[in-house]
*Asks:* 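Next up is a structure, given as structure tokens.
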Amino acid sequence: MKVTCPHMGHLHWMLDDLFGRLGVEYIKPPPTTTKTLTIGAKHSPEFACLPLKINIGNFIQGLDMGADTLIMAGGHGPCRFGYYGIVEERILRDLGYDFRFMMLEPFGDGKWAFYKTFETLTPGGLGLRKLWKILKVSFTKGRAFDQIHKRTLQVRAYEVNHGDTTRALRQAEKILTQAFTAGEIEEARREALALIDGVEQDPERRVLKVGIVGEFFLLLEPFSNFGLEEALGHMGVYLERSVWVTDWIAPNGDNKIYGFPKDMVDSKAAPYLNHNVGGEGRETIGSIVLMAEREFDGIIQLLPFGCMPENIATSIIPKVQRDHDIPVLTLAFDEQTGRAGVLTRVEAFLDLLTARRGLSLVGANA
Amino acid sequence: MDIPAKTGYLGIDVGSVSTNLVILDEHANVLAAIYRRTQGQPIKAVQEGLRELTDLLVNQEIEVRGVGATGSARHLTGIIVGADVVKNEITAHAVAASLVLPDVNTVLEIGGQDSKLIVLRDGIVTDFAMNSVCAAGTGSFLDHQSARLGIPIEDFGSYAVRSESPAHIAGRCSVFAESDMIHKQQVGIVVEDIIYGLCHALVRNYLNNLAKGKDIKSPVVFQGGVAANAGMKRAFEDALEIEVTVPVHHNVMGAIGSAVLAMELELEPGETNFKSFDVSDLVYETSTFNCNGCSNTCEIVRIKVDGKTLARWGGRCGKWENEDSPGAGKKKVHASVR
């Protein structure tokens with residue numbers, strides 16, 4: 001059995017670990033690039049959102065590398081995402097590919113279905129206890145990956161030498177991949193964080209504090225947003241982001257990486273939106289309120305063009321902006337989006353934030 | 001008789017349709033302004049614009065103290081002329097509007113292929129919107145229609161203001177707007193009403209795309225090439241029920257804004273990166289190649305003068321921008337290239 005999965009940011013490191021422990025051969029598709037998207041867009045419905053198009057591209061590239069089993073995350077709720085696995089399977093079969101398709105439904109939607117998927121993956125079966133142990137330790141490693149990525153979003157704003165933070169991150173990832181037991185993982189985590197904190201920084205630098213909110217794929221996959229976080233870091237912007245892979249996987253909604261549990265975020269959204277609209281619609285609103293209260297300079301909302309839950313959030317944002325006096329820039333992406341247009345808007349937004357702070361426009365980001 | 005050199009600030013705005021250059025004196029008065037077509041050749045447009053500017057200033061000695069570049073070709077322009085500040089066009093337009101009308105609250109700007117709405121309070125931009133997925137309501141479309149109707153674009157406004165009752169034209173998509181216009185002509189509606197109807201359609205489109213949820217408060221400034229069209233001003237006033245001001249230099253506001261930004265740097269004499277008006281005589285060569293560093297195969301643009309590389313840009317990862325190249329200009333230009 002050769003398993004492949006679509007890419008989503010640094011998720012592939014976590015899958016590397018998990019499949020290794022399960023004894024399953026993992027075919028890692030080539031990193032998502034323009035070529036992936038071109039393949040995906042060609043075979044996807046025009047009105048599907050960007051994540052589906054990238055998924056299809058990843059799957060085709062994985063199948064071409066010899067994968068025979070595809071795993072796709074499932075889900076439920078008003079967002080189309082929960083249905084994407086089914087659509088993707090159909091598209092790929094219509095293209096003539098032969099494979100086994102598995103939907104991994106969220107743990108919270110039914111423990112047994114979740115275990116069952118893993119049982120099928122491991123012929124002979126591992127037994128519940130062993131499987132649980134594997135998932136737990138692999139998840140801990142996943143947490144560590146999220147932690148180091150979160151740290152880079154903050155350190156990069158202060159880095160002295162362009163690119164040092166990214167280089168440290170690559171090295172930190174390598175260190176983490178080589179840790180296996182719980183003890184090793186903890187040690188590697190500390191070492192990796194120290195490596196990132198060790199990047200030469202200019203603590204005196206005036207930085208803008210910006211929150212990134214929106215739809216999870218757009219937030220987690222740098223390819224889909226033109227590496228916006230890294231670009232913002234290089235412009236001297238300190239970032240926090242509302243969505244993380246392990247926060248999303250964890251069934252209890254404690255949002256350990258983000259730092260604010262789901263019920264707290266939901267309660268912040270409640271005056272504007274008091275029920276689930278699918279995707280991250282409610283979380284986007286709640287996080288904007290939360291970040292405004294924490295005195296962020298501004299917020300950037302990212303969404304795939306045509307995303308229903310985020311569009312609901314977008315229509316509520318003007319009111320949140322007025323009530324909390326916080327600037328929000330909304331950016332929608334699809335395969336037609338150009339990088340120059342995105343950067344022009346981001347530059348203008350940073351100028352706006354700089355001027356609001358009463359700082360000069362010509363010195364600040366120069 | 002020798003006239004002492006005046007201090008001047010050069011602002012250049014190279015957009016998709018027009019290339020605009022201005023020289024401001026130290027009190028931000030416009031000494032000279034050029035509005036010309038880019039015609040897909042930004043380097044040539046800048047070089048010829050500089051030449052025209054020197055012709056206009058033939059009797060005056062100007063010492064350029066600072067240079068600003070803006071517009072979609074701002075990075076390229078910044079490298080060619082040696083700009084001190086390279087800023088996006090949203091900021092440049094807001095700065096220029098505040099200069100003309102210090103208490104401005106709203107800026108409507110319609111250019112060749114983009115349109116912007118900028119909301120200011122107390123001289124500070126508090127919100128903005130820029131068209132993203134569609135350019136149905138912009139100058140290129142009006143240009144196209146003027147050619148089709150055989151009426152010079154400069155006369156569009158005078159036709160529109162003569163209209164008694166504007167025709168209702170479907171404006172969501174420019175191609176369908178054209179079909180609708182043709183239909184209105186076929187049923188015998190006079191050209192004045194069609195042109196004014198078109199202005200209404202563009203204004204409706206603009207407000208639907210950009211103004212949703214935005215607080216449009218007086219005073220309102222309307223600028224950009226399309227502001228020359230008196231019919232558009234009238235249509236905005238009809239729709240907003242607010243008086244709209246069109247500044248004298250409405251078509252070069254981006255350039256004025258970038259010159260003001262250069263002025264704000266408060267450079268000492270000789271500190272500017274400005275190369276000289278002679279750059280209009282140099283031969284710039286641009287070429288592109290695909291980077292093979294990864295499978296993104298980004299298209300990288302390279303600009304050379306006298307066989308020497310001035311700058312490179314265009315990749316997703318920014319590695320070419322960071323390669324040191326001789327004469328690549330000061331860091332400022334690069335910081336915003338990324």
Side-chain angles (χ1 to χ4, degrees), chain A residues 30-37 61 162-163 166 222-223 226-227 230-232 234-236 305 314-319 321-322 325 327-334 336-358 360-366, chain B residues 66 68 70-72 74-75 84-95 114 116 118-121 123-133 212-215 260-267 294-298 314-319 321-322 330-338:
Chain A
T32 301
T33 60
T34 317
K35 191 177 163 196
T36 316
L37 179 56
Q61 289 185 314
H162 181 96
T166 305
F223 172 82
F226 301 103
E230 198 172 334
L232 282 166
H234 289 315
M235 294 173 187
F305 182 66
T314 306
S315 65
I316 297 171
I317 286 174
K319 188 162 165 46
Q321 270 184 281
R322 268 196 303 277
D325 190 31
V328 182
L329 175 70
T330 295
L331 296 171
F333 294 79
D334 68 8
Q336 315 279 359
T337 306
R339 185 169 183 261
V342 170
L343 287 183
T344 296
R345 286 162 183 80
V346 168
E347 278 177 28
F349 187 65
L350 297 183
D351 285 347
L352 180 162
L353 302 183
T354 307
R356 264 172 65 100
R357 271 215 193 164
S360 160
L361 283 186
V362 281
N365 305 309
Chain B
T70 188
S72 46
R74 59 188 179 280
H75 301 304
D84 302 300
V85 55
V86 176
K87 272 284 174 205
N88 63 83
E89 47 273 36
I90 299 166
T91 301
H93 274 282
V95 166
D114 66 12
K116 311 169 193 69
I118 308 169
V119 178
L120 299 97
R121 294 293 179 266
I124 290 176
V125 177
T126 59
D127 203 0
F128 66 84
M130 191 169 172
N131 63 331
S132 53
V133 285
K212 284 276 158 68
K214 304 269 186 277
D215 193 10
V260 171
L261 286 164
M263 195 181 295
E264 284 177 7
L265 281 173
E266 297 179 355
L267 297 174
C294 74
S295 58
N296 277 322
T297 55
C298 297
R316 268 174 171 262
C317 67
K319 91 170 186 194
E321 283 88 341
N322 301 324
K330 302 268 163 72
K331 218 177 155 213
K332 276 163 210 141
V333 177
H334 281 256
S336 35
V337 170
R338 264 178 233 132

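Reminder, nothing fancy here: chain letters follow the sequence lines and each chain counts from 1.
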*Asks:* Grab the two heavy atoms, one from B:I124 and one from A:R356, that are nearest each other, plus how far apart they are.
*Replies:* CG2-N, 4.1 Å
*Asks:* Tell me, for A:L329 versus chain B, whether the close heavy atoms (under 4.5 Å) come from the side chain, the backbone, both or neither.
*Replies:* side chain
*Asks:* If I take atom CG from residue A:D351 and atom NZ from residue B:K87, how far apart are they, to the nearest 0.5 angstrom?
*Replies:* 3.5 Å
*Asks:* Which atom names give the shortest non-hydrogen contact between A:P318 and B:G213, and what distance separates them?
*Replies:* CB-O, 4.0 Å
*Asks:* How long is the span from the CZ atom in A:R345 to the CD1 atom in B:I90, to the nearest 0.5 Å?
*Replies:* 6.5 Å
*Asks:* Identify the heavy atoms of B:T91 and A:A348 that sit nearest to each other, and give their distance.
*Replies:* OG1-CA, 4.0 Å
*Asks:* Start with the C-alpha gap between A:T344 and B:R74, add the side-chain angles, then the distance that decides, and say whether side chain to side chain contact (heavy atoms under 4.5 Å, CB included) holds.
*Replies:* CA-CA 11 Å; A:T344 296; B:R74 59 188 179 280; 3.1 Å; yes
*Asks:* Checking A:A340 against chain B: side chain, backbone, both or neither under 4.5 Å from a heavy atom?
*Replies:* neither
*Asks:* Tell me the closest heavy-atom pair linking A:L352 and B:V125, and the distance in Å.
*Replies:* CG-O, 3.2 Å
*Asks:* Listed by chain and number, what are the side-chain hydrogen bond (donor to acceptor under 3.5 Å, both in side chains) partners of A:T314, not counting sequence neighbours?
*Replies:* A:Q301
*Asks:* At a heavy-atom separation under 4.5 Å, does B:T126 approach chain A through its side chain, its backbone, both, or neither?
*Replies:* backbone
*Asks:* Are there over 12 heavy-atom neighbours, none belonging to A:K35, within less than 6.0 Å of that residue's NZ?
*Replies:* no
